[in-house]
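What you see is a predicted model; the values in this text were computed from it and never measured. A, B, ... follow the sequence lines: proteins, then strands. Residue 1 opens every chain. Only heavy atoms go into these numbers, but all of them, side chains included; no hydrogens, no water, no symmetry mates.
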Protein chains: 2
Amino acid sequence: MRARKFAFTHLFCDAEAVVTRRTGLREQKKQATRQALREAALRLAMERGPDNVRVDDIAEAAGVSPRTYNNYFSSREQAIVAAVTAERQSRVGAAVAAHPAHVPLAEAVVEAVVEQYTDQGERARDALLLITTQPALREAFVDTAAAIEDPLATAIAQRLGDPDPHTARVLAAGVAAAVRVALQLWVRPTAAEGGLVVPSGPLPDLLRTTLAPLAPALDAAERRR
Amino acid sequence: MRARKFAFTHLFCDAEAVVTRRTGLREQKKQATRQALREAALRLAMERGPDNVRVDDIAEAAGVSPRTYNNYFSSREQAIVAAVTAERQSRVGAAVAAHPAHVPLAEAVVEAVVEQYTDQGERARDALLLITTQPALREAFVDTAAAIEDPLATAIAQRLGDPDPHTARVLAAGVAAAVRVALQLWVRPTAAEGGLVVPSGPLPDLLRTTLAPLAPALDAAERRR
DNA sequence: AGGAAAACTTGCGTGCGCGCAAGTTTGCGT
DNA sequence: ACGCAAACTTGCGCGCACGCAAGTTTTCCT
């Protein structure tokens with residue numbers, strides 16, 4: 001048998017690579033590359049302004065080629081916003097699952113989603129401020145809502161025990177759509193500030209507002225099980 | 001007053017340019033350009049295969065420059081699928097509005113959406129067949145679901161008479177998301193046919209299936225008005 | 001009728017997204 | 001331990017998306 005492999009230390013491991021057992025070196029290197037790219041993207045964007053960062057620059061800072069950059073991200077903006085949103089996808093499913101079965105599905109989903117968008121420290125706030133400065137970054141940030149759809153569908157399907165997989169998929173798609181609407185409202189420039197983007201109200205409040213109309217659908221699906 | 005302008009004949013007019021009163025020459029030329037581009041895109045894709053059509057080719061066939069092409073469409077695929085879906089956006093809102101107020105909102109919305117995806121003749125079928133042959137075209141086709149969101153939000157807001165504009169927006173976003181799921185299911189390659197894309201069941205049936213879980217949300221919003 | 005503003009078209013240049021293929025690294029099975 | 005397959009990295013080239021600015025066309029107002 002080959003030499004025993006040890007679970008790596010924090011040097012390589014980040015929360016996204018959920019190392020619940022030993023993963024291979026290849027997978028660990030992939031996660032490390034992805035993290036290096038998004039951290040380099042955000043750091044350079046903050047240092048120079050997002051308009052002055054090129055894919056070549058990010059790739060070089062992360063120690064890979066531009067071609068490899070495009071294996072991981074399909075645009076400059078995706079890497080920058082990934083620095084903020086990277087772990088949200090894996091956490092949201094776990095957060096739904098963490099609610100006891102007696103909690104209504106709608107409440108579990110809303111609380112799980114809101115939890116992902118609560119204040120996450122000064123560095124995340126600085127990154128979000130940067131993201132609001134440029135239309136392409138705002139749009140990429142809004143698009144990250146789509147990433148919660150798959151883990152939500154899995155978590156909802158488990159809660160429903162539903163033989164019809166489409167129900168969970170559609171409800172998750174609806175929730176992701178409502179999150180996108182909240183993010184769109186949150187980042188849009190307001191006329192009051194001369195076009196300057198000032199986030200309009202706390203994001204958790206906006207999320208609760210946009211998710212509320214879907215609660216009857218979530219609860220109805222739960223009652224049918 | 002300037003010379004009287006006449007509503008133009010069918011030479012310029014298509015259903016997308018809803019000519020309910022006289023529109024300017026500039027607007028008419030824009031619509032004509034857009035139509036010329038999408039028709040050229042589809043025709044060339046059918047003649048040569050989608051892989052053998054370039055933006056330069058489409059632009060030349062439509063009589064404009066490649067730069068102008070990109071003023072109208074952001075990718076080759078968008079023009080091709082627009083040839084099939086162009087008028088859907090304006091029609092879906094009108095179809096919801098066409099249902100009497102005593103018809104439940106959910107039913108009005110479902111029927112309006114399904115109507116947009118019923119069989120629309122041999123040429124549309126040929127175009128859809130072409131679209132299923134290539135991943136990038138399938139993805140662009142699935143993305144067109146997003147275009148029904150704005151007109152749906154308007155139609156739902158009118159039905160609800162809702163002072164809260166977010167409710168209509170979120171419900172419309174959820175419906176568009178459910179439509180996207182149906183399109184994804186419809187175009188995805190099935191293992192049974194060796195990866196060949198064979199649309200799985202009639203699209204109207206898939207749409208009803210994916211829209212059904214959202215009916216409680218639509219009806220609950222209507223009861224609250 | 002004429003002038004100004006708005007909107008559109010287009011050429012140019014830049015940055016970049018991606019397919020392909022060759023080389024390298026890792027994982028698996030014997 | 002070794003060989004093979006899978007997965008990854010990377011260079012190259014092509015197509016293209018977009019910002020900018022100049023020219024043209026259309027609209028609006030006097």
Side-chain angles (χ1 to χ4, degrees), chain A residues 1-6 8 12 17 21-37 41 44-45 48-80 82 134-137 139-140 143, chain B residues 1-6 8 12 17 21-37 41 44-45 48-80 82 134-137 139-140 143:
Chain A
M1 180 170 189
R2 299 176 76 92
R4 182 189 298 164
K5 302 171 193 155
F6 290 91
F8 268 69
F12 283 101
R21 60 181 182 84
R22 296 183 188 120
T23 56
L25 186 55
R26 175 165 282 160
E27 185 60 35
Q28 287 168 3
K29 282 191 164 183
K30 274 179 68 177
Q31 299 303 338
T33 298
R34 183 179 297 276
Q35 180 175 358
L37 284 168
L44 291 173
R48 308 179 187 177
D51 283 335
N52 301 314
V53 179
R54 294 289 167 267
V55 166
D56 279 8
D57 301 328
I58 300 171
E60 186 176 353
V64 298
S65 80
R67 191 65 194 83
T68 294
Y69 177 92
N70 276 122
N71 288 333
Y72 287 82
F73 296 103
S74 294
S75 71
R76 251 190 346 142
E77 290 76 21
Q78 279 191 358
I80 297 174
Q134 204 199 49
L137 282 171
E139 186 169 350
D143 285 344
Chain B
M1 180 167 189
R2 301 176 73 93
R4 181 190 299 165
K5 302 171 197 157
F6 291 90
F8 268 68
F12 283 101
R21 61 182 183 83
R22 299 184 186 115
T23 54
L25 185 54
R26 176 164 283 158
E27 183 61 32
Q28 288 168 4
K29 282 190 165 183
K30 274 179 70 176
Q31 298 304 336
T33 298
R34 182 178 299 273
Q35 181 175 357
L37 285 167
L44 291 173
R48 306 180 187 176
D51 284 334
N52 301 313
V53 179
R54 294 290 167 265
V55 167
D56 281 6
D57 302 327
I58 300 170
E60 184 177 357
V64 298
S65 80
R67 192 64 194 85
T68 294
Y69 177 92
N70 277 120
N71 287 334
Y72 287 82
F73 296 104
S74 294
S75 70
R76 253 189 343 143
E77 290 77 19
Q78 279 191 358
I80 296 173
Q134 205 200 46
L137 282 171
E139 187 168 349
D143 284 345

Given atom [atom1] of [X] and atom [atom2] of [N], what is their separation to the nearest angstrom?
| X | N | atom1 | atom2 | answer |
| --- | --- | --- | --- | --- |
| B/E60 | D/dG15 | CD | P | 15 Å |
| A/R34 | D/dT9 | CZ | C1' | 15 Å |
| A/Q28 | D/dA7 | CD | P | 17 Å |
| A/E27 | C/dC28 | CD | P | 12 Å |
| B/L37 | D/dC16 | CG | P | 14 Å |
| A/E139 | D/dC18 | CD | P | 10 Å |
| B/Y72 | C/dT10 | OH | C1' | 12 Å |

Shortest non-hydrogen separation from [X] to [Y] and the atoms involved:
| X | Y | result |
| --- | --- | --- |
| A/V64 | A/L37 | CG2-CD2, 3.9 Å |
| B/S75 | B/Y69 | O-OH, 2.8 Å |
| A/R76 | A/V55 | CG-CG2, 3.7 Å |
| B/I58 | B/V53 | CG1-CG1, 3.6 Å |
| B/Q28 | B/T23 | NE2-O, 3.0 Å |

message: Both B/R26 and A/E77 contact DNA chain C. Which one's nearest nucleotide lies toward the 5' end?
response: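 Nearest nucleotide further toward 5': that of B/R26.
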message: If you assign B/P66 and B/K30 each to the DNA chain C nucleotide with the nearest heavy atom, which residue ends up on the more 5' nucleotide?
response: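 Looking at the nearest nucleotide for each, B/K30 comes out on the 5' side.
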- prompt: Of the candidate nucleotides D/dT9, D/dT27, D/dC16, which contains the atom at the shortest distance from the side chain of A/T33?
  reply: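 Output: D/dT9.
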Within less than 4.0 Å of OP1 or OP2 of [N], is there a side-chain N or O belonging to [X]?
| X | N | answer |
| --- | --- | --- |
| A/T68 | D/dT10 | yes |
| B/Y69 | D/dA17 | no |
| B/K29 | C/dC8 | no |

- prompt: Looking at B/F73, is B/R34 sitting on its ring face, NZ or CZ under 6.0 Å from the six-membered ring centre and within 45 degrees of the normal?
  reply: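 Yes, B/R34 and B/F73 form such a contact.
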- request: Mind listing the residues from residues 49-59 of chain B sitting with a heavy atom below 4.0 Å of DNA chain D? Number order is fine.
  value: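 The stretch gives B/R54, B/V55 as the residues lying under 4.0 Å from the strand, ordered by number.
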query: Is there a side-chain contact between A/Q78 and A/D143, using heavy atoms and a 4.5 Å cut-off?
result: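 No. Closest side-chain heavy atoms not under 4.5 Å.
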field: Within-4.5 Å side-chain heavy-atom neighbours: B/K30 and B/Y72
entry: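 They are in side-chain contact.
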task: Output, in order, the C-alpha distance, side-chain angles, deciding distance and verdict of side chain to side chain donor-acceptor pair (under 3.5 Å) for A/E27 and A/Q31.
output: CA-CA 6 Å; A/E27 185 60 35; A/Q31 299 303 338; 2.8 Å; yes
message: One character per nucleotide, please: for nucleotides 18-23 of chain C, 5' to 3', B when the base has a protein heavy atom closer than 4.0 Å, S when only the sugar-phosphate does, - otherwise.
response: BBB---
